[in-house]
Amino acid sequence: MAAPIRAFFHTSQVTTSRAVTNAFGAAVVHNHDLLADAVPFMSERAFNCRLEAIVVQLSSIHATATKVTMRLCLDAAGDHVVIPDTEATIAKGITTANAGGVAYSVGIPLAQTMAGAKGNFYLFVKLDQQTATLDSSTITWSES
């Protein structure tokens with residue numbers, strides 16, 4: 001009997017703080033190197049994965065900010081879009097109303113077709129209004 005095929009999940013977390021406003025900007029980006037902790041043979045072939053989820057944590061959220069829009073790109077300038085603008089409502093803390101986060105269930109296969117560093121993706125975020133601090137972002141992916 002053949003062994004069942006199971007997915008292997010990996011995560012990439014970036015914890016560099018960034019000031020977020022209601023517009024995308026080249027300075028408000030998290031660079032996720034999905035191959036940073038992968039086994040060496042993965043970086044020797046074309047990068048393919050199934051993007052499972054993206055989680056964004058915020059602090060110093062202005063009281064009127066209610067939504068976060070994210071965009072995932074292949075380049076730091078944000079011009080080669082892989083996942084277009086996707087919006088989520090901020091779940092604010094129960095005891096700390098100016099902290100919270102959003103999560104996106106992505107579930108799409110990705111193949112990196114652009115020249116450059118394999119496994120590097122750039123996450124941009126913006127708010128619907130006002131300001132907040134981007135504390136961290138986490139991308140979970142599985143091998144394809």
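Atoms considered below: every heavy atom in the structure, side chains included; atoms not considered: hydrogens, waters and symmetry mates.
- Side-chain contact check for Asn31 versus Val29: every heavy-atom pair is 4.5 Å or farther apart.
- When all heavy atoms of Phe121 and Leu110 are compared, the closest pair comes out as CE2-CD1, 4.1 Å.
- Summarising the geometry, atom SG belonging to Cys73 is positioned 13.0 Å from atom CG belonging to Asn120; distances are rounded to the nearest 0.5 Å.
- Under the rule for a side-chain contact (heavy atoms from CB on, under 4.5 Å), Thr95 has no partner lying at least two apart in sequence or in another chain.
- Heavy atoms only, all atoms of each residue included: Gly25 and Phe124 are closest at O-CD2, 3.6 Å.
- Considering every non-hydrogen atom in both Thr133 and Ser60, the closest pair reads OG1-CB, 3.9 Å.
- The closest side-chain heavy-atom distance from Thr66 to Ile90 is not below 4.5 Å.
- In terms of hydrophobic clustering, with Ile, Leu, Val, Met, Phe, Trp and Tyr side chains grouped at heavy-atom distances under 4.5 Å, Tyr122 and Phe24 are assigned to a common cluster.
- Hydrophobic cluster membership differs between Leu34 and Val14, with clusters built from Ile, Leu, Val, Met, Phe, Trp and Tyr side chains linked at under 4.5 angstrom.
- For the side chain to side chain contact (heavy atoms under 4.5 Å, CB included) criterion with Lys126, the lone passing option out of Leu134, Val68, Thr69, Thr21 is Thr69.
- A distance of 11.5 Å separates NE2 of His62 from CG of Asp128, quoted to the nearest 0.5 Å.
- Contact annotation: the side chain of His30 never approaches that of Val125 to less than 4.5 Å [non-hydrogen atoms, C-beta and beyond].
- Shown here for His32 and Ser137, the closest heavy-atom pair between the two residues is NE2-OG, 2.8 Å.
- The two residues Asp135 and Leu58 come nearest to each other via the heavy atoms OD2-C, 3.5 Å.
- A heavy-atom distance below 4.5 Å is not found between the side chains of Val82 and Leu51.
- Distance check: Ile61 CD1 to Lys92 NZ gives 6.0 Å after rounding to the nearest 0.5 Å.
- Within 6.0 Å of CD1 on Ile94 lie no more than 12 heavy atoms contributed by other residues, nucleotides or ligands.
- Taking Asp85 as the reference, Arg71 meet the salt bridge (Lys or Arg N to Asp or Glu O under 4.0 Å) condition, with sequence neighbours excluded.
- In terms of hydrophobic clustering, with Ile, Leu, Val, Met, Phe, Trp and Tyr side chains grouped at heavy-atom distances under 4.5 Å, Ile83 and Val55 are assigned to different clusters.
- Taking CG from Leu35 and NE2 from His10, the interatomic distance works out to 9.0 Å, rounded to the nearest 0.5 Å.
- In this structure, Gln129 CD and Thr131 OG1 are separated by 10.5 Å, a value rounded to the nearest 0.5 Å.
- The structure places OG1 of Thr140 at 13.0 Å from CZ of Arg50, a figure rounded to the nearest 0.5 Å.
- Under the 4.5 Å side-chain heavy-atom criterion for grouping Ile, Leu, Val, Met, Phe, Trp and Tyr, Ile108 is not connected to Phe8 through any hydrophobic cluster.
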*What do the steps show when you test Ile139 against Leu72 for side-chain contact (heavy atoms from CB on, under 4.5 Å), and what is the final call?*
CA-CA 10 Å; Ile139 294 178; Leu72 193 68; 4.0 Å; yes
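- Counting heavy atoms from C-beta on, the side chains of Ile54 and Thr86 never come closer than 4.5 Å.
- Closest of all the heavy-atom pairs between Arg18 and Ala27 is CD-O, 3.1 Å.
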